[in-house]
Structures are given as structure tokens and as C-alpha cells.
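What follows is one structure encoded as C-alpha cells, with my remarks underneath.
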Amino acid sequence: MLEFAKFICIMPSAMHQLLPTPPETTHILLERAHHLAGMTLGELAKKLNEKTPPNLLRAKGWVGQLLEKALGASAGNLDLPDFPQLGVELKTLPINAQGVPQESTYLCRVSLPLQESEFYLSRVWRKCAQILWIPIQASSQLSLLDRKIGTAILWMPNSHLEATLKKDWEELTQMIRLGQFDKLSAHHGTYLQLRPKAANAKQLVTVTNDQGKSIAIVPKGFYLRSCLTQMILREYYA
DNA sequence: ATTTGATCATTT
DNA sequence: AAATGATCAAAT
């Protein structure tokens, strides 16, 4: 009775689960995200017909891309938040066995030479003005298949955090503007930091330093320190 | 070549 | 153990 299959239509509601279209409101997005809570990555991958890699060694972005697919993120790898119409950025948050974020969170690359002059027009602000955080079990003891998805948090920085992020951004970009690449490292910034962001350390861009000399440096990216994401988790799951 | 998704691996 | 610096894959 294989013929009968053509009479079976995928209902919109079922389709909705498998291949979500971009969510129209943040409420719908959050509802979808909450629907995933408790599910394992293996279960979600199976639903989406995605093969689970043996580990993340050669698939570092796999978890994030799986969740993007599950929730209907539409920005691809354009320089926009994952849900452009909502201004919401999606971030998975790896949680270790102790219940704290295992890693910092990548935000975006730095344009070198710097093209942005104001925090509120910056890529950093566009991406961290509103973030959907999805905690993911990430204990190395657990196989990728068995790691569970937590309850998503739709987060916006409060005014204090916003001010700190703005200050961090202004200090970091000021160093870049002044060409102080010698002192530029991940040590600066309260919540925001600058770190290398490239395929490898041989990938270089040419910039002008504070001596007026052309030098080659590894491209940089903005990251959120894990002390910030730890605070966010504490607030929401208290 | 770049940007996205990040985690890996070494140093502190 | 935590933080910094290095790296991997896919998409375009």
C-alpha cells in the first residue's frame, strides 16, 4: 500500500514542528523554543533528519546550527541577528557538569579597519540587544546524542549591563582606532572582550598601528565573557 | 575570501 | 580550573 502515501499530506501543524518557517513574533519563537526543553540533541537531530557527529571536534558549530534549523532562524550567515525581523539573536549556551557556562559567547567580527563609530549602530549592539539563550548540557562525560536542551531564555540587558557593554565597546574600539594593537588582548573589558577570530593564526589582516606602521595581525572578534552568561542564568533560574 | 555556527587546546 | 589564543566546518 505504498501508493497510499500520496494521499497523506503533511499537516501544517506537523510541518511546523519539522521545518519551522521564520517565527512571526518573539512569543511564537519563545513558545517553539520552550517546546524543545528536555529533548536530547539526538532526538532533535532525528526529527530534523540531521546526522549527529561522533563529537564536536570537527563540527564545532553543529549544536547551534541544529537549533537554528529547529526554530526557523533565517539570517543564514549574513551579518544580521538570526531572526532579523524580530531583532533576536540565537545563542546556545554550553553548560558544564557544575551547571555553569563552559565557554564564552562569540558575537561578531571586528571590522578592520574599524568602520563603526557609535555603540548603538554597532554589530555588537545589534546582536546583544536581544538574545534567545538556549542552555545545552555540555559535560564531556555525556555523548552528544544524550545531551539535553534546556529551557530557553529571551534576554535583554538591563540598563546597567547595557551601560557596561557600551563602555567596554567604546574602550575596545578606541584602542583599535588608535592603533594600539600591542596592548590589544582578551584581558580588556568587563563583559565584552576581543579575541582572535580566524581559521588559524596564519590568516592575517593589515592594519596601521599607533606608530603609523603597517602591520599584519590575526582578525579579531567580540565575545561575551562567561561571567556575564553565568549571571544571566542565575537570574532566570533562581 | 568572509561570515556564520562555536569549541578546542594551551597557557596562566 | 579558568581564561586566552587557536582552530574547524558550512554557507555564500
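Labels below follow one simple rule: chain letters A, B, ... track the order of the sequence lines, proteins then strands, and each chain is numbered from 1.
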Toward the 5' end of DNA chain C, which comes first, A:His187 or A:Ala201, by nearest nucleotide?
A:His187

Nearest whole angstrom, please: distance from the P of B:dT3 to the CG of A:Leu80.
13 Å

Nearest whole angstrom, please: distance from the P of C:dT12 to the CD of A:Glu68.
11 Å

Decide yes or no, distance alone: a donor-acceptor N/O pair under 3.5 angstrom between the base of B:dG5 and the side-chain of A:Lys197.
yes

Base of B:dA6 paired with side chain of A:Tyr223 (donor-acceptor, under 3.5 Å)
yes

Can you tell me how far CG of A:Leu90 sits from CD of A:Gln130, rounded to the nearest 0.5 angstrom?
12.5 Å

dist A:Leu107:CG -> A:Lys91:NZ (nearest 0.5 Å) comes out at 6.0 Å

When the distance from CG of A:Leu66 to P of B:dT7 is rounded to whole Å, what number comes out?
13 Å

Give, for atom OG of A:Ser185 and atom CG of A:Leu194, the distance between the pair rounded to the nearest 0.5 Å.
9.0 Å

Under 4.0 angstrom between A:Tyr106 side-chain N/O and B:dG5 OP1 or OP2:
no

Quick check for you: among B:dC8, B:dG5, C:dT4, whose closest atom lies nearest to any side-chain atom of A:Lys91?
B:dG5

In plain terms, say whether A:Lys166 and A:Glu170 are close enough for a salt bridge, that is, a side-chain N and a carboxylate O under 4.0 Å apart.
yes

Between A:Arg195 and A:Ser104, a side-chain donor and acceptor under 3.5 Å
yes

Residue closer to the 5' end of DNA chain B, A:Ser104 versus A:Gln203 (nearest nucleotide)
A:Gln203

Whole-Å distance between C:dA3 P and A:Gln102 CD?
13 Å

Could you tell me whether A:Gly61 contacts a base, only the sugar-phosphate backbone, or nothing, with contacts defined as non-hydrogen atoms closer than 4.0 Å?
base

Nearest-Å distance, CZ (A:Arg109) to P (B:dT4)?
7 Å

Establish, with yes or no, whether the OP1 or OP2 oxygen of B:dA6 is under 4.0 angstrom from a side-chain nitrogen or oxygen of A:Gln65.
no

Rounded to whole angstroms, how far apart are CD on A:Glu50 and C1' on C:dA11?
14 Å

A:Arg195 side-chain proximity, nearest of B:dC8, C:dG5, B:dT4:
C:dG5

Taking atom P of C:dA10 as reference, at what distance in whole Å does atom CG of A:Leu67 sit?
18 Å

Residue whose nearest DNA chain B nucleotide is more 5′ - A:Asn55 or A:Ala59:
A:Ala59

